[in-house]
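Next up is a structure, given as structure tokens.
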Amino acid sequence: MRVLGIDASLRNTGVAIIDANNGRAHALYFGTIHNPSALPSSSCLVTIRDRLAQLIREHKPDCCALESVIYVQSYKTAILLGAARGAAILAAAENGLPIFEYPPTRIKQATVGRGRAEKNQVAFMVRAFLGLTTTPDADSADALAIGLTHLRSQESAAIGIPGANQI
């Protein structure tokens, strides 16, 4: 199985492609889609969609996994996060990928062992799980963690444990 993991954000969207063969996961790609602060929000959304579509064509993932909607105190932040998430969902849906979502606490639990883990702990564990030579930046690490969570969820679903929420 090949998973596209996305940590959607307007300015720094984390992206990862993880391939799992014979029970061993390895990262084919990870990085961050950076949008400069001077770029209008609408242009950021186009950049996110276009770059994800390019990665999908290049790596041919079987599915997409995202973090579910999170609680934020600012309605402006919520709208921007929702728009970025929408651009990511659109790119995956246009390319025929099934899309799954996971709550942030489940991703941290699956990666670190506790749902309130810090970002640096997630990055450290992702590096260890995947045998990376460098520690990924926070956004890339989150995308890798989302992809790993989906792979584990699929393994659990195969033995009858409820899996992900498909959207």
State whether the side chain of T13 and the backbone N or O of A8 hold a donor-acceptor pair below 3.5 Å, judged by distance alone. no
Classify the angle between the aromatic ring planes of H150 and F100 as parallel (below 30°), tilted (30 to 60°) or perpendicular (above 60°). tilted
Got a sec, which hydrophobics cluster with L45, joining ILVMFWY side chains under 4.5 Å apart, including via others? L10, L80
Remaining members of hydrophobic cluster (4.5 Å side-chain criterion), I33: L4, I6, V15, I17, L28, Y29, I48, L52, L55, I56, L66, I89, L97, I99, I167
P136 and S140: which non-hydrogen atoms are nearest, and at how many Å? CB-CB, 4.0 Å
Do V3 and C63 touch side chain to side chain, with heavy atoms closer than 4.5 Å? yes
Taking all non-hydrogen atoms of both residues into account, name the closest pair between Y102 and A65 and its distance. CE1-CB, 4.1 Å
With sequence neighbours left out, write down each residue that passes side chain to side chain donor-acceptor pair (under 3.5 Å) with Q109, or none if nothing qualifies. none
Considering all heavy atoms of both residues, which atom of I146 and which atom of G5 are nearest to each other, and what is their separation? CG2-CA, 4.4 Å
The criterion is side chain to side chain donor-acceptor pair (under 3.5 Å); which residues satisfy it with T135, sequence neighbours excluded? R127
A side-chain contact here means heavy atoms from C-beta on lying under 4.5 Å apart; do R106 and S68 qualify? no
Partners of A25 by side chain to side chain contact (heavy atoms under 4.5 Å, CB included), sequence neighbours excluded? I18, L130, L148, L151
By ring pair (Phe, Tyr, Trp, His ring centres under 6.0 Å) - contacts of F30 (at least two apart): none
How close do V122 and A141 get, counting heavy atoms only, and between which atoms? CG1-O, 4.1 Å
Distance-minimising heavy-atom pair for E118 and Q121: N-OE1, 2.7 Å
Any side-chain to backbone donor/acceptor pair from T149 onto A145? Under 3.5 Å, distance only. yes
Is there any salt bridge (charged side-chain N to carboxylate O under 4.0 Å, His left out) pair reaching into residues 130-145, and which pairs are they, with sequence neighbours excluded? K119-D142
Can you tell me which residue pairs pass the salt bridge (charged side-chain N to carboxylate O under 4.0 Å, His left out) test with a partner in residues 76-101, sequence neighbours excluded? R49-E94, R85-E101
In the hydrophobic clustering that connects Ile, Leu, Val, Met, Phe, Trp and Tyr at side-chain heavy-atom distances below 4.5 Å, which members other than Y75 occupy its cluster, ordered by chain and number? I79
When rounded to the nearest 0.5 angstrom, what distance separates NZ in K108 from CE in M125? 14.5 Å
Side chain to side chain contact (heavy atoms under 4.5 Å, CB included) with A78: which residues, sequence neighbours excluded? V72
Do the side-chain N and O atoms of Q54 and R57 include a donor-acceptor pair separated by under 3.5 angstrom? no
Value for OG1 (T32) from CZ (R51), rounded to nearest 0.5 Å, stands at 11.0 Å
Set of side chain to side chain donor-acceptor pair (under 3.5 Å) partners for D19, sequence neighbours left out: R2, N21
Can you tell me which residue pairs pass the side-chain hydrogen bond (donor to acceptor under 3.5 Å, both in side chains) test with a partner in residues 3-12, sequence neighbours excluded? N12-H34
